[in-house]
There are 2 protein chains.
Amino acid sequence: MSQGVAMAAVIRPLQRPVPLRQSVYDALIDLIVGGELPPGQHMVETDLARQLGVSRQPIREALHRMEAEGWVDLRPSQGAFVHVPTDAEVDNLLDVRALLEAETARLAAAVPASAAKAAQLARLREICTEGQDAAEADDFTTAVSVNNAFHAEIANISGNTVLAELAHIVGRRVQWYYRMVAPERGHGSWDEHRELIGAIETGDRGLAQEVARRHTERTREAYHQPR
Amino acid sequence: MSQGVAMAAVIRPLQRPVPLRQSVYDALIDLIVGGELPPGQHMVETDLARQLGVSRQPIREALHRMEAEGWVDLRPSQGAFVHVPTDAEVDNLLDVRALLEAETARLAAAVPASAAKAAQLARLREICTEGQDAAEADDFTTAVSVNNAFHAEIANISGNTVLAELAHIVGRRVQWYYRMVAPERGHGSWDEHRELIGAIETGDRGLAQEVARRHTERTREAYHQPR
DNA sequence: TTATAGACGACTGTATGCAAAGTGCGATCC
DNA sequence: GGATCGCACTTTGCATACAGTCGTCTATAA
């Protein structure tokens, strides 16, 4: 059967020009996570615009999105301030993350075995190896991004996109908070990650849920450790 | 003890001038939930601006926030379209809501009894009565808002503000989807609500969690009912 | 010296303008 | 008659301009 376009299977929606607001959004989050913009900092639109070489408009749009995701607080007629997390809020956020990650893992374990799932599991193992390498090399930056990729992949397997998005947003904020108190090392518990993969592979929902929850709890302990 | 300002306990941060974008945001959500803007509808900034009597700027800002919360899809250089939920996505969202509401209820049940909690429980019962009245009067609009108030109050009791916010956002979207398929009646299961209150009051975490989950599951059944 | 009123400066909120990208329609050619 | 190319219109993306508000600093009076 001939089609108007050859190789239709390979053609994808192709990447439209990335809006400036998106780049600005990414840049600002990096600045916050990286610590250049400390909590409580007043983010003056004009300054940011000049520094990033754009007008105030994309800056504002990025800030609004960041407010919706909890990165900044927007006080009317005063502008944007980097969000200052209280201890109680960090606890709350960790609770939520535990909840979301556990459910994600449970759903992923519930997915019946298939060729697609096998491929995703293989990808998970691959990510694990990368993470371990980064951890051993004390490469914190890639360790973080690899960790994100790991959880994103599990969310992928689970098949619940809504849950995946929420987990992603919450996860990034947790990483930010975590980095503020322990900037020097990632929680390189890649063995736990492997255990989780196993639980997902064998389809043991309860175990997957439990392992994920325990894993998240460890972050809380690390956070509350006396420093 | 005399203070510079009398009645300090009553004074609150006071309401700063509400930005236009906020009003626009509320108005647009009402339009979507109310069905004036059907899913897939192209929301032209200029038209909305003229209809609401403001410039394009506040419209854009509201649209960006609405995208972050899943109300509209923003296609680059094409504009905003009212989000079209797929059946799979509705299921996903219902799963997430079940998860969030159940956890909220569990946390609320875990809060130790106190004068403050007693007052909140009383408020819950009050809301229940209002809801039942509205349901019996077939006043769907207030029934919905009362239902929202009910869940918001439980989230309040739970003390986890992060969870509360998430539950609120997800809950509103569920109500929208639900209303699209069953515009004529609310799910007036106020007896279940009362059962939930009881579980929270006696501090039975497991029961509270279970009741909340069951309650949410009923929504799913109603949604998938052949129509 | 302290408290208060006034004015100045800075920043946000809103509106408008301009250029580029996209879409749809019509003319044209096979 | 059908498909394709090109043009014009629509709409967004970004920039700029203006007005209102808030915070602060200073000068003045008690």
Side-chain angles (χ1 to χ4, degrees), chain A residues 1-6 8 11-28 31 37-38 40-68 71-84, chain B residues 2-6 11-28 31 37-38 40-68 71-84:
Chain A
M1 103 190 182
S2 143
Q3 298 220 340
V5 176
I11 294 182
R12 62 190 75 186
L14 81 81
Q15 174 138 356
R16 307 217 170 208
V18 178
L20 261 189
R21 56 171 179 269
Q22 178 66 37
S23 314
V24 171
Y25 169 83
D26 293 334
L28 290 182
L31 285 176
L37 294 174
Q41 173 78 284
H42 186 187
M43 300 171 76
V44 178
E45 296 172 359
T46 314
D47 294 349
L48 296 174
R50 199 183 46 249
Q51 289 174 27
L52 294 181
V54 298
S55 81
R56 277 177 57 206
Q57 178 84 359
I59 301 280
R60 287 179 68 84
E61 295 178 354
L63 286 177
H64 289 311
R65 176 167 166 201
M66 289 168 73
E67 193 214 12
W71 293 96
V72 301
D73 298 316
L74 243 43
R75 303 188 215 158
S77 64
Q78 283 191 263
F81 295 78
V82 179
H83 181 68
V84 183
Chain B
S2 146
Q3 297 218 343
V5 176
I11 293 183
R12 60 190 76 186
L14 79 81
Q15 173 131 1
R16 308 223 167 206
V18 178
L20 262 187
R21 57 169 179 269
Q22 179 66 39
S23 315
V24 171
Y25 169 84
D26 293 334
L28 290 182
L31 284 176
L37 294 174
Q41 172 79 279
H42 187 187
M43 299 171 76
V44 178
E45 296 173 359
T46 314
D47 294 349
L48 297 174
R50 197 183 46 249
Q51 290 175 26
L52 294 181
V54 297
S55 80
R56 277 177 57 207
Q57 178 82 0
I59 302 281
R60 287 179 67 85
E61 297 180 352
L63 286 177
H64 289 310
R65 177 170 167 199
M66 289 168 72
E67 192 214 12
W71 292 97
V72 301
D73 299 316
L74 243 44
R75 302 187 215 160
S77 62
Q78 283 191 259
F81 296 79
V82 180
H83 181 69
V84 183

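The figures that follow rest on heavy atoms only: side chains count, while hydrogens, waters and symmetry mates do not. Labels below follow one simple rule: chain letters A, B, ... track the order of the sequence lines, proteins then strands, and each chain is numbered from 1. Because the structure is predicted, anything quoted here is derived from the model rather than measured.
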Any residue meeting side chain to side chain contact (heavy atoms under 4.5 Å, CB included) with [X], in chain and number order, not counting sequence neighbours:
{"X": "L37(A)", "answer": "L31(A), I32(A), Q41(A), M43(A), V82(A)"}
{"X": "L20(A)", "answer": "V54(A), P58(A)"}
{"X": "V44(A)", "answer": "H42(A), T46(A), D47(A)"}

In whole Å, I'd like the distance from the [atom1] atom of [X] to the [atom2] atom of [N].
{"X": "R50(A)", "N": "dC14(D)", "atom1": "CZ", "atom2": "P", "answer": "20 Å"}
{"X": "H64(A)", "N": "dT12(C)", "atom1": "NE2", "atom2": "P", "answer": "11 Å"}
{"X": "Y25(A)", "N": "dG13(D)", "atom1": "OH", "atom2": "C1'", "answer": "20 Å"}
{"X": "F81(A)", "N": "dC11(C)", "atom1": "CZ", "atom2": "C1'", "answer": "10 Å"}
{"X": "L63(B)", "N": "dT12(D)", "atom1": "CG", "atom2": "P", "answer": "9 Å"}
{"X": "R21(A)", "N": "dT12(D)", "atom1": "CZ", "atom2": "P", "answer": "11 Å"}

Close residues, residues 53-62 of chain B, relative to DNA chain D [heavy-atom separation under 4.0 Å]: R56(B), R60(B)
Within-4.5 Å side-chain heavy-atom neighbours: V72(A) and H83(A): no
Pairwise side-chain contact, L28(B) with L63(B), heavy-atom cut-off 4.5 Å (strictly under): yes
Partners passing side chain to side chain donor-acceptor pair (under 3.5 Å) against R65(B) (at least two apart in sequence or in another chain): Q22(B), E69(B)
Non-neighbouring partners of E67(A) that pass salt bridge (Lys or Arg N to Asp or Glu O under 4.0 Å), sequence neighbours left out: none
Inter- and intrachain pairs under salt bridge (Lys or Arg N to Asp or Glu O under 4.0 Å), touching residues 17-27 of chain B, at least two apart: R21(B)-E61(B)
Please enumerate all protein N or O atoms sitting under 3.5 Å from an N or O of nucleotides 8-11 of chain D, with distances to 0.1 Å.
none

